[in-house]
Each structure stands twice: as structure tokens, then as C-alpha cells.
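Written below as C-alpha cells is the structure these notes are about.
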Amino acid sequence: MDVSYFSNAQRTIALIDVNNFYVSCERSFDPALKSHPVVVLSNNDGCIISRSNEAKALGIKMGEPWFKCQELVKKHKIKGLSSNYALYADMSNRVMTILSDFSPNQEIYSIDECFLDLTGFERKNILEYGQQMRNRILKWTGLPVCVGVGSTKTLAKLANHIAKKNTQFNGVCHLNQLREGELNRLFSELDVGEVWGVGRKLAIKLKALDIYTVLDLKQANSEYMRQQFSVVMEKIVHELNGTVCIELEEIVPPRKQILSSRSFGHSVRDFNSLAESISLYMSRAAEKLRSQQSLANIVQVYIRTSPFKLDEAQYGNGMTIPLPAPTDDTRQLVKVALWALKRLYKPNFNYAKAGVCLSDMIPRASAQFDLFASEQSNSRSTRLMSAMDCINAKMGRESIKLASEGFARPWKMKQGNKSPNYTTRWDQIPIASKN
DNA sequence: TATCGTATCACAC
DNA sequence: CTAACGGTGTGATACGATA
């Protein structure tokens, strides 16, 4: 009987995840990095956000501030690279395109992971299929990936984790092909915190209820879990037992909020520097807004000092401004943001961060014309913005911009050790050496 | 009373 | 040289305000 007639038919879902993604991208273009422990740093070279296996083995922790690791760094010659998002985004596109050939149903879940629906694929070939994915991605991009397969997204995630930690799986783990005893053994050895959706706090709360391992959680009563926690936890329990509660989302819904914020390379005290940064961030946010064909109804702006500088005076404040009419016009949005900044700004503080957020969006297609603006001015705005986006797409970011975004940018972030843009800038491709 | 808006929390990557 | 600690997005829940 063909079980696929039933909506609750068992599914086969794969989760493919690049190992140590950012570090692997860097290594793919600079093989010399392969012989060193390597980490990639967040903006401003602040925190560690990707680690090679060697770095993990040395005890370098995820999210750790870089300056706090300098002892270990010197001792073991750990390389710390500034993040190069243009490179990572480009590599991500390549990986996702390759994987899209393996199934008609793909959900790109994050920059380095995607789900593929393999329901109906010949069961016994799936392990081999996973190996094909790994081989092709390695050959075409130089990136190592692992493949986890299960009957729900939550199980596929776990399978991926198991494939990464246990070398005997050779990078591909299919939970539905394990014997029940073997599955239970694996689950009983996995901390409950490894489950997708169970973070630090929930893990503590679960353990207080004697739920320590993935197996414990799988065998928990879902009703009870809902009552003790939330619907989220109830769904997790069902998913661990093979019942789909979290569907594959193939079409990416438009963002509901668009945020652009950054810490400064050095703290700033003057209004003008803040105004420049706010203008720049708003320009970025507005570009994203237009690229998803939305108009925003609400603008938020905030500034704050550094919460880590305990000896300095602290101040942080934000403002939410509802717009008279939804818009995607950079000039209008910047104007509103600067208006807000004037009211938020207080002199004599060392500001460390500023940001803007656009929200309450509507699709541009459904926009009503602003009754108080002429039709002519609306279409002029649209045409100007399209022209700006076009020029910047063709000639490179910031070929054309508002003067208020600034030129000197004393607040610009630090990137002490950034790799070249190997894949997106011709002028940064290293000349091949003869060897 | 039902719903709304908003702040807060938790989580992922 | 010294100081130096990310950014973006989602969903659930709690709670007072509002229609």
C-alpha cells in the first residue's frame, strides 16, 4: 500500500549542515589555515563565532570575547580571522544550489544549513545519497558537510549532530535505519540540551524534573510537558517521536522586522558621529526593505553606552515612531530616524552602539497611496530609490548614497584580520603561485 | 470579555 | 600602543489598556 495517501504518512527529512562553516570557508581558499587551529570573529573582532575542531579541542568556547583568549592564542598559535560575510554568503549560495538538485523540496534554514524532503526516496539508497551530497559539495566548494536523516525536522537535526560527533557514521546518519536498541542507546547518551529548541534555561528546568537525556524527553508525557512548559515543548516531544509538528517551509516569508545595528570600533560622544551611523544603518535597512518589496509603518531608533564599562556613566534609550504613511524611501526613513536621534541624544556619554529597526510592514503591492502626497511625488520617490539600488547593485555598494551617511566614519568597526573577498571581487583574487 | 499592543524572555545560528 | 565583549530574527507569554 502506498502510505503517502495519508497526511500522517511517515516522512523522510534530511538536514545538511556545513561543519564549522565560517572557518571552513576561510580554509577552502587558504589551505595554509588547515594546519592551524582557526577561529572566526564577530564584528569588531569582538567574539568568537566559528571554531575549527582543533580550536574546540583546545577549550576555546563559542561566543568568548577574543581578547580574553589571548593566552591560549599565543600558546597554541591560534589564528583569529575577522568575519568576511560577503565570502560566506557567496559560499552559502553555492552549497544551497548544489543541494537543491537532490530534492524538489528544500528549506534553506540558515546560512549553512538546509532541510531536504526525501519522502518517497528509495529507503536503502538514502545513506548513499547522503554520501553523494557530501562528495559533490566537497568537490565543488571544498566545504565539509554532514547529513542527518529522520522523520521530522527535530530528528533530522539530532541525526546531524550524531553524524558530526561519531566518526563511525562517516558523515551521514539515518535514524530510521538504526535498530531500536541502538537508537535508544544513542539518545540516552545525548544531553537533553542538544535537542533543537532546548536552550540553556529549558535544559536546567528539564533536569529539575529528572529529564536529563534526549531519551528521557522523548519518553516524557507530552500533555504534562505542555502544562509544565509550553506548546513548544509539547511539539518537541511529538517531533522526537516521529510526529511532524514543524513543517518544511520552502517559501521564505518576508521579514516581519528589519534591524540594522552595530557596535562602534571606538566609542563616540558627539551627535554628528551618531547621526552618520544611524543614517548608514537606516540606508542598509531600507535597501533590505525594498529588496523584499515591503513598505514599513514603524521606525525604531536606539543608542546606548557599553554595558561592559562598569566604571563609566550608563545611558541607553530608544524611540518608536509610527509613520504617517508606509514607505521604503531612504530619505524619508533617515529623516525620521534623525529626528528621533535628536530627542534621544544626551551629551557627555561614551556611546558604544546604535541601531534602527523597521517593522509593521505591508507588501508594496497592497500599498495605498498617501492621501497627503501627490501621486507624482510618490512615483518620483519610487523611481529614485530603484535607480539608487540599480547603481549600487551594478557598481558596488555605496557607489551612491546619502551624504548624511558620512565619509570619515570615526566610529567604523574594527576588522584587523579580514581575508580577501575571493569570490566577489576580481581585484582581491590572489595571483596563482607556481607550485 | 475579547482583543490589542508592548515588553520580556528564550532560542537559534 | 592600548583597550577590547555580535548581529538578526522568530515565537510565546504576561499583563495592562482598550473597545
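Because the structure is predicted, anything quoted here is derived from the model rather than measured. These numbers come from the heavy atoms of this one structure, side chains and all, not from hydrogens, waters or symmetry mates. Note on naming: letters A, B, ... go to the chains in the order of the sequence lines (proteins, then strands), and numbering restarts at 1 for each one.
For A:K309, whose side chain is taken as the heavy atoms from C-beta onward, the closest listed nucleotide among C:dA12, C:dA4, B:dA12 is C:dA4. Listed nucleotides: C:dG7, B:dA10, C:dA12. Nearest to the side chain of A:R262: C:dG7. Closest to the A:V231 side chain, of the nucleotides C:dT13, C:dG6, C:dG9, is C:dT13. Listed nucleotides C:dA12, C:dG9, B:dA10 differ in distance to A:K201; the shortest reach to its side chain belongs to B:dA10. Here the nucleotide nearest the side chain of A:K256, chosen from C:dA12, C:dG6, C:dG11, is C:dG11.
Checking A:K235 against A:I49, the closest nucleotide of DNA chain C that is more toward the 5' end is the one next to A:I49. In this structure, A:P65 and A:P253 both approach DNA chain C, and ranking their closest nucleotides by distance from the 5' end singles out A:P65.
When the side-chain nitrogen and oxygen atoms of A:K414 are compared with OP1 and OP2 of C:dA3, none of them lie within a distance under 4.0 Å. Contact annotation: A:K353 does not reach the phosphate of C:dC5 (side-chain N/O to OP1 or OP2, under 4.0 Å). Under 4.0 angstrom from either OP1 or OP2 of C:dG6 there lies at least one side-chain N or O belonging to A:S263. Between A:S261 and C:dG6 there is no side-chain N or O to OP1 or OP2 distance below 4.0 Å.
Salt bridge status for A:E398 with A:R284: present, with a side-chain N to carboxylate O gap under 4.0 Å.
No donor-acceptor contact under 3.5 angstrom links the side chains of A:K139 and A:N135, judged on distance only.
Counting to the nearest Å, the P atom of C:dG9 and the NZ atom of A:K288 are 5 Å from each other.
Spacing between B:dC11 and C:dG6 at atom C1', rounded to whole Å, works out to 16 Å.
To the nearest 0.5 Å, atom CG of residue A:L280 and atom OG of residue A:S260 are 7.0 Å apart.
Taking A:Y88 as the reference, A:Y22, A:Y85 meet the ring-ring contact (aromatic ring centres under 6.0 Å, His included) condition, with sequence neighbours excluded.
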